[in-house]
J.: 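To start, I am sharing the structure in question, which I have written as structure tokens.
Everything numeric in this text was worked out from a predicted model, so none of it was measured. Chain identifiers are assigned alphabetically (A, B, ...) following the order of the sequence lines, protein sequences preceding nucleic acid strands; residue numbering begins at 1 within each chain. Reckoned from all heavy atoms, side chains included, excluding hydrogens, waters and symmetry mates.
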Amino acid sequence: MPQLLKDKRVIDDAWTLVDTDSQSLPDGDILLTYSQWQTFSKQLESHSGQIGVVIEGDAEIEDIIEPLLKLPLIAINFPKFADGRGFSLATLLRERYNFNGEIRAVGGFMRDQLYLLSRCGFNAFKFSEDTDLSEAAKSLEDFSETYQVSADQEKPLFRRR
Amino acid sequence: MYRYDNYDHKIVNERVEQFRDQTQRYLAGEIADEEFLPLRLQNGLYVQRLAPMLRIAVPYGMLSSAQVRKLAHISRVYDKGYVHFTTRQNIQLNWPALEEVPDILAELAEVEMHAIQTSGNCIRNTTTDQFAGVAKDEIEDPRPWCELIRQWSTLHPEFAFLPRKFKIAVCGSNEDRAAFLLHDIGLQLVKNDDGELGFEVFVGGGLGRTPIIGSSIRKFLPKQHLLSYLDAILRVYNRFGNRDNKYKARIKILVKAWTPEVFAQRVEEEWEHIKDGPSTLTDSEFARVKSFFPLPEYKVIDGADSANKLAATADSNIAFSRWLDRNTELQKQSGYRSVTLSLKPAGVAPGDVTDKQLETIADLADRYSFGELRATHNQNVVLTDVIESDLFELWQQAKESGLATPNIGTINDMICCPGGDYCSLANAKSIPVAEAIQRKFSDLDYVYDLGDLELNISGCMNACGHHHIGHIGILGVDKKGKEWYQIQLGGSANKNASLGKVLGPSLSRDQITDGIEKLLDVYVENRIADESFLNTYQRIGIEKFKERVYAPAT
Ligand code: SF4
């Protein structure tokens with residue numbers, strides 16, 4: 001089974017990414033794009049597995065987020081690692097919308113971003129299949145102290161020092 | 001100045017170890033070039049035309065003598081024995097070896113320095129006035145605010161991968177010496193009618209290909225809200241800034257496309273959600289950070305007496321008197337002056353200093369300036385708080401080390417980017433042009449007679465040499481593989497910031513110094529009383545200059 005890094009551990013990834021041109025839904029836990037999620041809304045009502053949605057960096061989440069907050073998983077796609085919009089989206093999900101489910105990074109992010117991504121609220125990371133996940137997990141521990149408020153730190157350093 | 005506590009040390013040390021590990025993995029082939037690129041950039045490491053270049057952060061220009069000695073040591077051990085002061089108050093090494101950069105960073109960390117976010121698409125070093133704390137026209141010392149911004153921006157998790165680089169400047173005085181209207185965010189310290197301190201916030205200024213002067217988006221931001229408001233601006237930019245085209249990715253383009261009014265409204269909407277949250281600054285934090293910038297223990301000096309004695313010394317020594325006139329500034333504390341050490345003697349690339357000179361600068365700072373000094377955005381070094389009666393001695397020592405060229409604010413005090421000698425983006429060389437101009441205008445009487453004149457040179461449109469805001473700006477352009485230079489007139493970086501206008505067709509390297517001479521002739525012939533070059537230009541317009549420069553040879 002494919003694996004993923006979640007909550008600092010390497011675990012099996014039971015989720016199936018629905019093909020972009022798929023006409024029907026696979027069984028089990030499925031991950032769909034936002035537009036698929038709209039298209040399949042009827043079928044999804046009777047789907048037996050869990051449902052998660054992938055959003056893109058340019059998502060106007062203010063307009064679309066409400067119904068997604070009930071899902072157990074929201075994934076944020078990085079078209080390339082230099083595209084930092086996902087950092088703000090995850091921050092908003094955690095801090096503004098109090099989303100407690102899994103936030104999963106998918107796409108072109110890279111290992112050396114793990115620490116910052118996790119601070120913004122990502123807790124799961126889907127790397128390409130050939131990645132040594134336990135090796136990559138080391139980058140989650142790059143720093144032990146931080147100045148700012150973030151999804152994983154309620155108080156800025158100046159309120160703690 | 002600010003001193004690290006255990007927290008600051010820990011963060012900077014962990015950064016060094018992180019980069020050491022990244023460098024090792026890169027050298028072992030485990031990180032691809034394009035992935036290593038942003039990692040090294042965010043640690044200040046460029047790969048330039050000839051070698052890597054390491055840009056070291058000098059937060060808001062402040063340096064201690066111990067730090068300067070360390071820089072001298074580093075330049076000797078890891079480089080060719082000199083460093084370069086940049087136009088953003090930072091310091092560059094031009095020849096470090098990639099493998100040794102982690103060691104250099106570890107040495108820097110020992111003296112509370114780093115290279116974090118000195119390049120890359122992230123929040124860069126915050127800059128300010130080199131006369132902070134001593135300027136006569138100061139409203140409030142900007143340095144504590146710069147330090148608060150430094151900490152907030154350092155490894156900010158949300159804003160490490162912005163559409164493009166992001167620069168913030170703070171101005172604490174009436175005169176602007178930080179070019180803050182030409183930054184992505186410019187913060188002007190102000191007091192409201194109730195005497196409360198806050199900021200007027202400007203966004204979207206910048207040089208580069210599309211030079212724009214910043215727009216005010218908030219007249220008064222109470223000081224405690226500084227960080228949450230910055231978060232709001234950055235979040236709007238991070239989400240909506242252009243990421244498809246590098247040349248349209250700066251915040252200025254977004255502000256222009258949306259209009260400053262709409263941009264301001266989006267920021268306010270975002271800010272509503274986070275205002276009054278935990279990032280709201282506390283009185284105890286203000287007090288803590290401020291306490292690092294105390295006024296030194298000034299002696300009580302009879303100002304008039306001190307001034308008389310100084311005038312007498314100056315009367316008997318013309319060289320000293322010139323230096324006093326051009327290279328020193330009065331302070332708000334009577335009997336004390338700020339001294340600018342010129343890093344622009346003729347024949348040296350503007351802003352370059354040797355390891356020996358760095359050590360002299362450190363000694364001078366210890367002897368005369370409470371062990372502190374400042375890098376300026378004009379690529380010089382300032383020693384503040386010098387007692388007037390020490391000036392003559394200081395001058396003699398500085399002169400011996402080639403640091404007392406009396407040319408501050410003159411045509412020879414030019415700003416100049418590294419250009420084609422070092423920079424892979426250059427269209428043309430800039431350092432040889434600077435040298436040719438300095439050689440041409442070496443007659444000091446003539447140079448003084450010209451008075452205040454800012455001449456800025458960039459080797460390409462990226463405008464690192466700030467050519468748009470020079471009274472005379474020179475821009476390197478490439479014409480069919482040959483180096484040419486476009487001249488711009490009338491730029492200025494003060495509160496009434498203006499961008500230069502193109503004079504006409506570009507000149508070749510051979511023509512450029514003569515062209516400048518003609519511009520100066522037109523000024524001298526047309527000025528009224530002691531009118532400056534800029535004022536004369538503003539009064540008579542560009543035509544007369546144009547006619548003279550492009551007149552057919554007779
Ligand atoms: S202005 Fe151009 S040539 Fe000069 S340093 Fe910047 S990028 Fe290089």
Side-chain angles (χ1 to χ4, degrees), chain A residues 56-62 78-92 94-97 108-122 130-132 135-136 138-161, chain B residues 5-11 14-15 17-19 21-22 25 30-32 34-39 42 120-122 148 150-163 227-228 231 234-241 243 269-270 273-274 277-282 284-286 288-289:
Chain A
E56 297 292 328
D58 61 359
E60 294 272 356
I61 60 168
E62 290 80 354
F78 288 81
K80 51 185 185 192
F81 63 74
D83 186 335
R85 291 176 296 189
F87 291 82
S88 285
L89 293 182
T91 303
L92 288 172
R94 291 286 189 228
E95 292 183 20
R96 184 153 315 155
Y97 299 105
F109 71 95
M110 61 175 168
R111 166 188 166 168
D112 290 284
Q113 294 175 313
L114 285 191
Y115 172 75
L116 297 178
L117 287 166
S118 70
R119 288 204 52 206
C120 289
F122 287 92
D130 54 352
T131 308
D132 181 341
E135 190 50 37
K138 290 182 189 162
S139 290
L140 285 167
E141 315 291 336
D142 279 352
F143 294 90
S144 58
E145 194 46 83
T146 160
Y147 290 114
Q148 311 79 3
V149 179
S150 60
D152 68 346
Q153 177 52 263
E154 280 179 11
K155 288 186 176 170
L157 182 55
F158 67 78
R159 290 180 187 269
R160 292 181 282 120
R161 77 199 309 175
Chain B
D5 64 8
N6 289 339
Y7 292 104
D8 302 297
H9 272 296
K10 191 174 212 175
I11 290 169
E14 288 178 347
R15 176 62 154 189
E17 287 320 306
Q18 181 195 38
F19 190 61
D21 173 59
Q22 289 168 343
R25 283 189 284 125
E30 293 166 26
I31 306 184
E34 69 273 16
E35 292 193 348
F36 189 58
L37 178 89
L39 305 179
Q42 302 220 357
N121 295 334
C122 52
L148 287 164
R150 183 190 76 81
Q151 299 192 14
W152 161 81
S153 61
T154 298
L155 306 174
H156 195 303
E158 196 180 335
F159 306 129
F161 296 88
L162 297 170
L227 302 184
S228 60
D231 271 325
L234 265 297
R235 185 170 291 160
V236 170
Y237 170 56
N238 191 38
R239 289 186 64 196
F240 302 106
R243 289 177 182 271
E269 283 164 17
E270 181 58 44
H273 293 284
I274 48 180
S279 293
T280 309
L281 284 160
T282 57
S284 66
E285 179 65 355
F286 291 137
R288 187 185 80 88
V289 176

J.: Counting heavy-atom pairs under 4.5 Å with chain B, which one of A:Ser150, A:Ala82, A:Gly57, A:Ala59 comes out on top?
T.: A:Ala82
J.: Considering only heavy atoms, which portion of B:Arg15 lies under 4.5 Å from any heavy atom of chain A: side chain, backbone, both, or neither?
T.: both
J.: Could you tell me which portion of B:Glu30 (side chain, backbone, both or neither) has an atom closer than 4.5 angstrom to a non-hydrogen atom of chain A?
T.: neither
J.: For B:Leu281, is it the side chain, the backbone, both or neither that has a heavy atom under 4.5 Å from a heavy atom of chain A?
T.: both
J.: Are any of the side-chain heavy atoms of B:Leu227 and A:Phe158 separated by less than 4.5 Å?
T.: yes
J.: Non-hydrogen atoms of chain A under 4.5 Å away: do they reach the side chain of B:Ser153, the backbone, both or neither?
T.: backbone
J.: Side chain from CB out, backbone as N, CA, C, O: work out which of these in A:Gln153 comes under 4.5 Å of a heavy atom of chain B, or both, or neither.
T.: neither
J.: Which label fits B:Phe159 and B:His156: parallel for a plane angle under 30°, tilted from 30 to 60°, or perpendicular past 60°?
T.: tilted
J.: Who wins among B:His273, B:Glu34, B:Arg235 for the most heavy-atom pairs under 4.5 Å with chain A?
T.: B:His273
J.: Under 4.0 Å between a side-chain nitrogen and a carboxylate oxygen: does that hold for A:Arg96 and B:Glu270?
T.: yes
J.: Do NZ/NE/NH1/NH2 and the carboxylate oxygens of A:Arg111 and A:Asp132 come within less than 4.0 Å?
T.: no
J.: Where on B:Glu158 is there a heavy atom nearer than 4.5 Å to chain A: the side chain, the backbone, both, or neither?
T.: both
J.: With a 4.5 Å heavy-atom cut-off, do A:Arg161 and B:Asp8 have their side chains touching?
T.: yes
J.: Please rank B:Glu17, B:Glu285, B:Arg25, B:Gln18 by heavy-atom pairs under 4.5 Å with chain A and give me the top one.
T.: B:Arg25
J.: Please look at B:Asn238 and chain A and tell me whether the side chain, the backbone, both or neither of the residue comes under 4.5 angstrom of a heavy atom of that chain.
T.: both
J.: Ignoring hydrogens and angles, tell me if any N or O in the side chain of A:Arg94 forms a donor-acceptor pair with the backbone of A:Ala151 under 3.5 Å.
T.: no
J.: Quick one: do A:Lys138 and B:Asp21 make a salt bridge, cutoff under 4.0 Å?
T.: no
J.: Count the heavy-atom pairs under 4.5 Å between each of B:Thr154, B:Asn121, B:Leu148 and chain A, then report the option with the highest count.
T.: B:Thr154
J.: Contact part of B:Gln22 toward chain A, heavy-atom cut-off under 4.5 Å: side chain, backbone, both or neither?
T.: side chain
J.: Taking A:Leu89, A:Thr91, A:Asp112 one by one, which has the highest count of heavy-atom pairs under 4.5 Å against chain B?
T.: A:Asp112
J.: Heavy-atom distance under 4.5 Å to chain A: side chain of B:Leu37, backbone, both or neither?
T.: neither
J.: Under a 4.5 Å heavy-atom cut-off, does chain A meet the side chain of B:Gln151, its backbone, both or neither?
T.: both
J.: Heavy atoms only, distances under 4.5 angstrom: which of A:Met110, A:Gln148, A:Glu62, A:Arg85 has the most pairs with chain B? Name it, please.
T.: A:Gln148
J.: State, yes or no, whether a side-chain contact exists between A:Ile61 and B:Arg239 at a heavy-atom distance under 4.5 Å.
T.: yes
J.: Could you give me the CA-CA distance, side-chain angles and deciding distance for A:Ser139 and A:Asp142, then say whether side chain to side chain contact (heavy atoms under 4.5 Å, CB included) is met?
T.: CA-CA 5 Å; A:Ser139 290; A:Asp142 279 352; 4.2 Å; yes
J.: Going by the rule side-chain contact (heavy atoms from CB on, under 4.5 Å), which residues pair with B:Glu14 if we only count those two or more places apart in sequence or in a different chain?
T.: A:Phe143, A:Ser144, B:Lys10
J.: At a 4.5 Å cut-off on heavy atoms, which part of A:Glu154 comes close to chain B: side chain, backbone, both, or neither?
T.: backbone
J.: Where on B:Thr280 is there a heavy atom nearer than 4.5 Å to chain A: the side chain, the backbone, both, or neither?
T.: both
J.: Using 30° and 60° as the class boundaries, would you call the ring planes of B:Phe19 and B:Phe36 parallel, tilted or perpendicular?
T.: parallel
J.: At a 4.5 Å cut-off on heavy atoms, which part of B:Leu155 comes close to chain A: side chain, backbone, both, or neither?
T.: both
J.: What's the shortest heavy-atom distance between A:Phe81 and B:Phe161, and which atoms?
T.: O-CD2, 3.9 Å
